[in-house]
Student: 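Have a look at this one before I ask anything.
Quantities reported herein were computed from a predicted structural model and do not represent experimental measurements. Within every chain, numbering begins at 1; the chains are lettered A, B, ... in the order of the sequence lines, protein sequences first and strands thereafter. All values below come from the heavy atoms of this structure, side chains included, with hydrogens, waters and symmetry mates left out.
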Amino acid sequence: QQQVKQSPQSLIVQKGGISIINCAYENTAFDYFPWYQQFPGKGPALLIAIRPDVSEKKEGRFTISFNKSAKQFSLHIMDSQPGDSATYFCAASTSPAGNQFYFGTGTSLTVIP
Amino acid sequence: KAGVTQTPRYLIKTRGQQVTLSCSPISGHRSVSWYQQTPGQGLQFLFEYFSETQRNKGNFPGRFSGRQFSNSRSEMNVSTLELGDSALYLCASSLGTGETQYFGPGTRLLVL
């Protein structure tokens with residue numbers, strides 16, 4: 001059972017455009033929602049993260065929007081660049097019993113020059 | 001500060017063999033988690049160790065085991081390797097519960 005559902009599976013965006021990746025979850029006990037970026041041959045790298053007490057968090061060109069009632073969160077990449085071409089994973093965790101992160105299946109983003 | 005390191009980076013084994021992978025977390029991090037990444041299944045949680053104790057375990061068979069040492073370094077062992085164990089094995093460390101996880105580059109295991 002996929003605890004975190006991610007869409008789309010792949011995304012092609014023109015340079016300068018906005019890339020949007022969506023995730024949904026069911027477990028209301030999740031209290032931490034990070035996004036990771038992974039380049040081929042590398043481990044995932046933390047991009048940005050949010051906790052459910054805020055609805056939006058922005059860091060540079062990257063923004064997380066969080067909708068607690070809908071149990072959804074999304075990553076927006078503004079002014080997308082070819083260097084953003086990578087696989088993006090959303091994740092969720094619940095901390096009381098330790099660190100157990102559940103990952104989405106990933107979105108392969110290609111930014112066309 | 002040095003990042004998470006994993007050794008070896010690449011491994012080729014044959015079915016039935018066993019393998020041990022190593023992970024050195026970021027200095028000061030006490031939590032180490034292991035993940036298996038495959039194209040079909042994505043990132044799947046194997047287990048988490050904190051202060052030498054396994055705190056969480058994913059849904060993997062008993063052939064997958066791990067341990068953590070007093071210096072927080074961790075090892076993962078897979079016994080009786082199967083073809084389906086071919087994957088990228090990722091280690092992630094964090095300061096503690098509910099903290100950000102930082103991933104290593106992974107060990108790519110190929111089982112022939």
Side-chain angles (χ1 to χ4, degrees), chain A residues 1-10 21-25 27 29-54 57 59 62 64 86-109, chain B residues 3-7 9-10 21 23-26 29-60 66 68 72 74 87-108:
Chain A
Q1 181 190 2
Q2 194 69 31
Q3 296 257 5
V4 178
K5 295 181 180 178
Q6 183 173 346
S7 64
Q9 188 175 358
S10 62
I21 304 170
N22 301 299
C23 285
Y25 64 97
N27 188 348
F30 287 147
D31 57 6
Y32 180 64
F33 302 88
W35 283 90
Y36 285 87
Q37 179 189 57
Q38 186 177 28
F39 292 103
K42 305 284 187 182
L46 179 69
L47 200 57
I48 187 172
I50 198 168
R51 296 195 186 271
D53 52 345
V54 297
K57 184 175 181 180
E59 289 184 2
F62 301 93
I64 298 179
T87 300
Y88 293 80
F89 294 92
C90 61
S93 74
T94 174
S95 53
N99 287 329
Q100 182 160 357
F101 283 72
Y102 298 88
F103 282 81
T105 49
T107 296
S108 176
L109 171 66
Chain B
V4 177
T5 58
Q6 291 186 245
T7 56
R9 293 293 312 279
Y10 304 93
L21 313 181
C23 171
S24 292
I26 293 172
H29 285 195
R30 297 168 65 189
S31 170
V32 174
S33 297
W34 288 89
Y35 294 85
Q36 181 194 65
Q37 185 175 27
T38 59
Q41 299 295 321
L43 275 152
Q44 293 191 293
F45 174 78
L46 280 155
F47 29 66
E48 184 219 0
Y49 286 86
F50 185 87
S51 294
E52 302 178 66
T53 301
Q54 187 181 87
R55 282 202 301 195
N56 288 290
K57 190 176 190 305
N59 191 25
F60 278 81
Q68 186 180 35
S72 293
S74 178
L88 179 67
Y89 289 89
L90 292 160
C91 163
S93 76
S94 65
L95 273 171
T97 301
E99 299 287 339
T100 299
Q101 287 196 328
Y102 296 89
F103 282 84
T107 294
R108 187 163 295 281

Student: According to side chain to side chain donor-acceptor pair (under 3.5 Å), does anything in residues 37-46 of chain B pair up with another residue at least two apart or in another chain? List the pairs.
Tutor: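 Found A/Gln38-B/Gln37.
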Student: Is chain B contacted by the side chain of A/Pro34, its backbone, both, or neither, given a heavy-atom distance below 4.5 Å?
Tutor: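 For A/Pro34, neither part sits under 4.5 Å from chain B.
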Student: Nearest 0.5 Å, what's the CZ-CZ distance between B/Phe103 and A/Phe101?
Tutor: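 Result: 8.0 Å between the selected atoms.
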Student: Report which part of B/Ser31 has an atom under 4.5 Å of a heavy atom belonging to chain A: side chain, backbone, both, or neither.
Tutor: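 Just its side chain gets close to chain A.
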Student: Counting heavy-atom pairs closer than 4.5 Å to chain A, which one of B/Arg108, B/Gln6, B/Gln101, B/Lys57 comes out on top?
Tutor: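 It is B/Gln101.
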Student: What part of A/Tyr36 gets closer than 4.5 Å to chain B, counting heavy atoms only: side chain, backbone, both or neither?
Tutor: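 Just the side chain, heavy atoms under 4.5 Å.
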Student: Checking A/Lys5 now: which residues fulfil salt bridge (charged side-chain N to carboxylate O under 4.0 Å, His left out) with it, not counting sequence neighbours?
Tutor: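 So A/Lys5 forms no salt bridge (charged side-chain N to carboxylate O under 4.0 Å, His left out) with any residue.
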Student: Check whether more than 12 heavy atoms from other residues, nucleotides or ligands sit under 6.0 Å from atom OH of B/Tyr102, and answer yes or no.
Tutor: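 Incorrect, the count does not exceed 12.
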Student: Measuring heavy-atom distances to chain A, does B/Arg9 have an atom under 4.5 Å in its side chain, in its backbone, in both, or in neither?
Tutor: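 Side chain only.
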Student: Around atom CD of A/Gln9, are there more than 12 heavy atoms of other residues, nucleotides or ligands at under 6.0 Å?
Tutor: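 Not more than 12 within 6.0 Å, no.
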Student: Closest approach of A/Gly43 and B/Leu90, non-hydrogen atoms and distance?
Tutor: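 The answer is CA-CD2, 3.8 Å.
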Student: Is chain A contacted by the side chain of B/Phe45, its backbone, both, or neither, given a heavy-atom distance below 4.5 Å?
Tutor: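 Only the side chain of B/Phe45 comes within 4.5 Å of chain A.
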Student: Under 4.5 Å heavy-atom distance to chain A, tell me which part of B/Leu43 shows up: side chain, backbone, both or neither.
Tutor: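 Interface part for B/Leu43: both.
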Student: Assess whether atom CG of B/Asn59 is packed by more than 12 heavy atoms of other residues, nucleotides or ligands within 6.0 Å.
Tutor: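 No.
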Student: If I measure from the heavy atoms of chain A, does B/Phe47 come under 4.5 Å with its side chain, its backbone, both, or neither?
Tutor: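 Neither part; nothing is under 4.5 Å.
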